[in-house]
Amino acid sequence: MTERYIYLCDIIIAGGIMQINNRLFEIVYILVQRKKITAKELAERFEVSTRTIYRDIETLSRANIPVYAIKGKDGGIGILDQYVLNKTILSEEEQNQILFALQGMKRLRGKDEKDILERLSILFNKEVNDWIRIDFSNWNSDNSQENRFEIIKSAILNRKLIEFTYYNSNGEKRRRIVEPLQIWFKDKSWYLISYCKLKEDYRIFKVARIKEIRVLEEHFERELPKENKKEKTNFKTISLELEISKEMAYRVYDEFEDKEITKKENGDFIVKIEYPENEWVYGYILSFGEYMKVVSPIKAKNIIRDKLEKSLKNYL
């Protein structure tokens, strides 16, 4: 029993990766109460295919949850009568860790996690501390980005294609249809890992550049590969050494890690960082104005000089 329950909790906590934590728990919860239900009923409840439900049952079975499927007129999906969710096998700390993890997921993934959090709170007979808040909007923006996340999340969980307009790093606009697989946070930005129908390959899209998004009716069955194909995007990087004036100390400590910062005797900073090499990185450097100087590489210094010379022509 202990191994079964802990494995189920692992599935729930890992739901951000597995993408179906809510369904797995809900299926067990339903079966414990009803003992038997058809795959069609579950598929309609969760708005997925019966094939997806049977795959969920296989996942639970591999976790040693005693679920079974019987074909035929009086068949269905069931769970052994003696199976119960036993909270006593978890320590106080373990119960808190599960609830905290679920609350963090609720903040990241929206209102859909509310039911599972409340049910486990009741199961553990605990009040949940409101310990985390995540806001996807900028200080001066509306809730459009949060809505974008909600649409992408829903499409991932329900395995539906999405269509959107995307602006690449060169400002080029193109309509894309993709199979959304995972939302990825990397270096202060959110990305969508997906399978692009246009490129017929895995691609990463920066969420901030996704516009006019809509969910399509078409379903997909593709899983995120175990060996995540982020490398296929071929992000070319550049190693930069930057000298930043002490007047920009607030930005240095906000935007760089301690290991990347060396403070000089005069109070200025040397920052060594590796970034994707594209228009964004040069715009970022220029955003520091007179308070930043590129020390190396020479290539980056020349590009910044050219951009500054072109900018000056706008004021002649």
Side-chain angles (χ1 to χ4, degrees), residues 11 14-24 43 46-49 51-53 55-56 59 104-113 134 136-138 141 143-237 275-281:
I11 291 173
I17 299 172
M18 293 186 65
Q19 304 174 353
I20 54 174
N21 71 298
N22 199 23
R23 278 206 312 275
L24 289 173
F46 297 111
E47 298 182 346
V48 297
S49 66
R51 181 179 174 184
T52 296
I53 293 298
R55 185 168 56 243
D56 290 350
T59 300
M105 287 164 55
K106 179 169 77 77
R107 293 297 189 182
L108 280 170
R109 298 177 58 188
K111 298 177 182 178
D112 291 348
E113 306 307 322
I134 297 173
F136 293 119
S137 64
N138 297 322
S141 71
N143 62 350
S144 59
Q145 181 151 303
E146 185 172 351
N147 292 338
R148 200 177 310 152
F149 270 85
E150 191 65 25
I151 291 170
I152 294 172
K153 182 207 76 170
S154 177
I156 291 174
L157 295 180
N158 293 305
R159 296 181 178 276
K160 288 188 175 182
L161 274 69
I162 57 174
E163 183 180 13
F164 54 81
T165 299
Y166 190 72
Y167 294 83
N168 65 19
S169 57
N170 295 320
E172 298 168 340
K173 175 182 175 181
R174 180 167 289 185
R175 200 70 179 164
R176 298 292 185 106
I177 296 177
V178 306
E179 298 175 3
L181 300 171
Q182 189 180 74
I183 294 177
W184 177 41
F185 184 77
K186 178 71 173 177
D187 193 27
K188 309 179 188 72
S189 296
W190 292 94
Y191 299 88
L192 170 64
I193 302 174
S194 60
Y195 185 86
C196 180
K197 293 292 191 178
L198 178 67
K199 299 296 185 180
E200 296 184 340
D201 204 350
Y202 295 88
R203 286 293 185 268
I204 297 178
F205 299 95
K206 195 168 186 177
V207 172
R209 297 180 189 160
I210 292 175
K211 312 294 181 183
E212 300 168 349
I213 184 172
R214 70 186 185 99
V215 180
L216 306 180
E217 290 302 316
E218 185 180 348
H219 282 80
F220 65 91
E221 296 295 334
R222 193 183 310 275
E223 301 278 359
L224 187 70
K226 289 184 179 179
E227 294 183 3
N228 201 322
K229 298 187 179 181
K230 296 171 189 171
E231 297 82 4
K232 287 240 174 182
T233 56
N234 292 323
F235 276 167
K236 183 180 178 183
T237 61
Y275 276 140
E277 185 179 11
N278 51 35
E279 281 301 309
W280 172 85
V281 75

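Since the model is a prediction, treat every value here as computed from it, not as a measurement.
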| query | Could you state the interatomic distance from CZ (Phe46) to CG (Asp56), rounded to the nearest 0.5 Å? | reply | 8.0 Å
| note | Residues at least two apart in sequence or cross-chain that pass side-chain contact (heavy atoms from CB on, under 4.5 Å) with Glu217, listed by chain then number, are Lys160
| field | Arg175 atom CZ, neighbour heavy-atom count above 12 within 6.0 Å | value | yes
| query | When you look at Glu179 and Lys197, which way does the salt bridge (Lys or Arg N to Asp or Glu O under 4.0 Å) test go after all the steps? | reply | CA-CA 8 Å; Glu179 298 175 3; Lys197 293 292 191 178; 3.1 Å; yes
| field | Partner set under salt bridge (Lys or Arg N to Asp or Glu O under 4.0 Å) for Arg55, not counting sequence neighbours | value | Glu221, Glu223
| request: Could you tell me whether Lys211 atom NZ has more than 12 heavy atoms of other residues or ligands within 6.0 Å of it? | output: yes
| Option from Tyr195, Trp184, Tyr191 for which ring-ring contact (aromatic ring centres under 6.0 Å, His included) with Tyr202 holds | Tyr195
| Can any side-chain N or O of Arg176 pair as donor or acceptor with the backbone N or O of Cys196 at less than 3.5 Å? | no
| Non-neighbouring partners of Leu216 that pass side-chain contact (heavy atoms from CB on, under 4.5 Å), sequence neighbours left out | Leu161, Glu163, Ile177, Arg214
| Test log, rule side-chain contact (heavy atoms from CB on, under 4.5 Å), inputs Leu192 and Phe164 | CA-CA 12 Å; Leu192 170 64; Phe164 54 81; 4.3 Å; yes
| Quick one: CD1 on Ile156 to CD1 on Ile193, what's the gap to the nearest 0.5 Å? | 9.0 Å
| If you measure from CD1 on Ile152 to CD1 on Ile162, what distance do you get to the nearest 0.5 Å? | 5.0 Å
| said: Taking the side chain as everything from C-beta on, heavy atoms only, tell me whether Tyr166 gets closer than 4.5 Å to Lys206. | reply: yes
| Non-hydrogen atoms of Ser194 and Pro180 that approach each other most closely | CB-CA, 3.9 Å
| message | Please check this pair: side chain of Arg222 against backbone of Arg159, looking for a donor-acceptor N/O pair closer than 3.5 Å. | response | no
| message | Quick one, Leu198 and Arg203 - any side-chain contact, counting heavy atoms below 4.5 Å? | response | no
| In Å, rounded to the nearest 0.5 Å, how long is the span from OG1 of Thr165 to OH of Tyr167? | 6.0 Å
